[in-house]
Amino acid sequence: MIPVGVIHEAFAEFDTAYGVIIRELRLPRAILAMAIGAGLGVAGAALQGLLRNPLAEPGLIGVSGTAALGAVIAFYSGLSVTFPFALPAGGMIGALISVVLLYMLAGRDPSVLTLILAGVAISALAGALTTLALNLSPNPYAAFEIFFWLMGSLADRSLNHVALAVPFITVGIVLLMTTGPSLDALTLGEDVAQSLGVRLSGLQARVIIGTALAVGASVSVAGVIGFVGLVVPHLLRHAVGQSPSRLLIVSAPGGAALTLAADTAVRFLTNGPELHLGVLTALIGAPFFLGLVLKIRREG
Amino acid sequence: MARLSSKNLSVQGNNVSILNEVSVTFGPEELVGVIGPNGAGKTTLLKSLLGLLKPSSGDITLDGKTLGSWGRIDIAKRIGYLAQGAPCHWPMTVERIVEIGCSPHSLPLWGIDAEDRKIVENALRLTGISHLRDRIVTSLSGGERTLVMIARCLAGRAEILLADEPVTGLDPRHQIKVIQTLLSSVTKNTGVVMVLHDLSLAARYCTRLILIHEGRVTAEGDPTSVLTPKNLSDVYGIDASLREIDGQALVVCKDIRI
């Protein structure tokens, strides 16, 4: 527990050690953890609703991978050394490109299957190009830096990172929240959803653009923090009666809470070098994913 | 009172003609049966009338205005759709699925309002599934699932309901239960159009039949004028006739024609 006096010091702008630590280090990190967690959780819930597949995750349609590639290119080109903000900007441009590519591959009115295949293709391409950048890096330190950044972390993030990422994440979440009723109708199939008044292309565009904003902005400041979009909706789905619209709403606080807890854990789990947040979420998420696949296979 | 009609409607898919110059009209106070062999274009007709498929030529009009000039939501308020196989992708409760049926009229953030609650209760009662309200739709039998989807359509308050093979694959009891439920939803303001393969049920319950063969309307009218030995032979290639046993219509099929 943080004593009340410390909070008072932090927000009354006292330049004491506690105040500086909380304002400059802890606060941005906590805000980012909650915003990114909420964004990833809602993006996962929305994608699962759109694809009607509980295994769908923001990484699936290639947004995380391409956002990471964009940031890696900023690293690799050395732009991020001269302009620190080239890194987050690269990530968001990457996310944007993945969405445009997805539209070019899947067309104006893509079927669910085409969308998944297009996402897999984009992910594979982004992964290959990222590895290529690592492989060709003339500077081993740059490659090392890229490698660590890809692991995903919130350590040493400033309020500048918050200012750059949180507005985009917020707009993304709001856009995704508007898809709730349409995703509910989509439970009954594409034809029935349209007969209930859903414009399919508009729904797909909102989910994809909302995901690109939320996930792209997140990846650009924190690297790849995987599986939050898978674990959070899965844990909450039963509690809201499987309804996609309700799942969207609860996945925001759910994702925020889980990511904040995970980020707090990585600060205390190890004594030496800090465990990366992305490593922890992958360590928890991957077996979870495997279990989910086995469960779905069993249920046929 | 909605009136939905097509005039010289043609639909192509992959350069193959699926519907050819089809002109039909649907309105209130009747249960219309759309019959015809597999692949005749029955589902395509329903989807075109819903605005889900783009016609290659011809017009579809809803209340005198072309369908394309209506907004998706406005079409949804007037035409309901019962899809083949009653699909449901998430294991949600019966009550929640019926609530989703209200969505053309209101898009609440979390629950539904008092007026919609009444409509949902009424839909559950009319379809006789109030006792199933807390059951998971995906765990129900095909017949119960179809009734849930009819309740969902009723909650949508559409004036014309297009039902695609609602009784295919159901046991005899559920076939009759489903058709009687659809029939009971036909009022002076509402009508039902149903695609089906069981000619005896079509003859017994439908006020009007439309026989489709290779994308064209081959015959249209009351069951006795449509289900003639000649039509059955020409369209289905069967040696059959419409009989009456104990006051119930029955299509007796003796053999297939080569």
Side-chain angles (χ1 to χ4, degrees), chain A residues 45-56 108-109 111-113 174 176-203 206 233-234 236-252 295-296 299-300, chain B residues 43 46-47 49-54 70-112 134 136-139 145 148-149 152-153 155-156 158 160-164:
Chain A
L47 282 176
Q48 288 161 25
L50 181 69
L51 303 178
R52 283 159 286 157
N53 184 338
L55 300 181
R108 272 282 295 135
D109 199 23
S111 77
V112 163
L113 186 65
V174 169
L176 292 173
M177 288 287 185
T178 64
T179 64
S182 302
L183 292 179
D184 276 351
L186 201 59
T187 301
L188 305 170
E190 288 185 1
D191 289 337
V192 174
Q194 290 183 82
S195 82
L196 285 168
V198 173
R199 264 188 56 237
L200 221 48
S201 55
L203 170 65
R206 271 182 293 158
H234 179 75
L236 298 173
R237 181 169 280 119
H238 190 69
V240 294
Q242 309 268 345
S243 167
S245 64
R246 294 175 184 179
L247 187 60
L248 273 182
I249 296 169
V250 296
S251 287
K295 184 169 164 255
I296 287 168
E299 288 168 0
Chain B
T43 298
L46 291 200
K47 287 189 180 178
L49 291 170
L50 280 158
L52 301 183
L53 292 175
K54 222 178 148 58
W70 291 85
R72 267 253 141 263
I73 293 276
D74 292 318
I75 296 175
K77 284 177 183 167
R78 287 163 182 82
I79 313 173
Y81 178 50
L82 192 65
Q84 203 171 331
C88 183
H89 290 279
W90 298 107
M92 286 154 77
T93 62
V94 168
E95 190 173 1
R96 183 73 190 132
I97 292 294
V98 179
E99 285 174 16
I100 289 174
C102 298
S103 65
H105 299 272
S106 49
L107 294 172
L109 198 60
W110 190 271
I112 59 171
D134 294 321
I136 301 298
V137 173
T138 43
S139 72
R145 234 164 114 145
V148 173
M149 294 306 163
R152 192 264 300 158
C153 289
I160 295 177
L161 173 59
L162 306 180
D164 197 355

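Worth saying up front: this structure is predicted, and the values here are computed from it rather than measured. Residue numbers start from 1 in every chain, and the chains themselves are labelled A, B, ... in the order their sequence lines are given, proteins ahead of strands.
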Exercise. Could you look at B:Leu50 and say if it's the side chain, the backbone, both or neither that has a heavy atom under 4.5 Å from chain A?
Key: side chain
Practice problem: Any chance you could lay out the side-chain contact (heavy atoms from CB on, under 4.5 Å) test for A:Asp184 and B:Glu99, step after step, and finish with the verdict? | Solution: CA-CA 10 Å; A:Asp184 276 351; B:Glu99 285 174 16; over 6 Å; no
Practice problem: Return the set of residues passing salt bridge (charged side-chain N to carboxylate O under 4.0 Å, His left out) with B:Lys77 (not counting sequence neighbours), or none when no residue passes. | Solution: none
Quiz item: What pairs with B:Arg78 under side chain to side chain donor-acceptor pair (under 3.5 Å), at least two apart in sequence or on another chain?
Solution: none
Quiz item: Taking atom CG of A:Asp191 and atom OG1 of B:Thr43, what is their separation to the nearest 0.5 Å?
Solution: 10.0 Å
Quiz item: What distance do A:Arg237 atom CZ and B:Trp90 atom CH2 have between them, rounded to the nearest 0.5 Å?
Solution: 4.0 Å
Quiz item: How long is the gap from CD on A:Gln242 to CD1 on B:Ile136, to the nearest 0.5 Å?
Solution: 7.0 Å
Self-check item: Considering all heavy atoms, the nearest B:Ala76-A:Gly197 contact
Solution: CB-N, 3.6 Å
Quiz item: With a 4.5 Å heavy-atom cut-off, do A:Leu196 and B:Arg152 have their side chains touching?
Solution: yes
Quiz item: Is any side-chain heavy atom of A:Leu188 less than 4.5 Å from a side-chain heavy atom of B:His89?
Solution: no
Quiz item: Relative to chain B, which segment of A:Leu186 carries a heavy atom at a distance below 4.5 Å: side chain, backbone, both, or neither?
Solution: backbone
Quiz item: Picking from A:Pro244, A:Ser243, A:Gly189, which has the most non-hydrogen pairs under 4.5 angstrom with chain B?
Solution: A:Ser243
Self-check item: Separation of A:Ser245 OG from B:Arg96 CZ (nearest 0.5 Å)
Solution: 5.0 Å
Self-check item: Nearest-0.5 Å distance that lies between atom CG in B:Leu52 and atom OG in A:Ser195
Solution: 7.0 Å
Quiz item: Are side-chain heavy atoms of A:Thr187 and B:Cys88 found at a separation under 4.5 Å?
Solution: yes
Self-check item: Atom pair CG (A:Leu200) and CZ (B:Arg72), whose distance is rounded to the nearest 0.5 Å
Solution: 9.5 Å
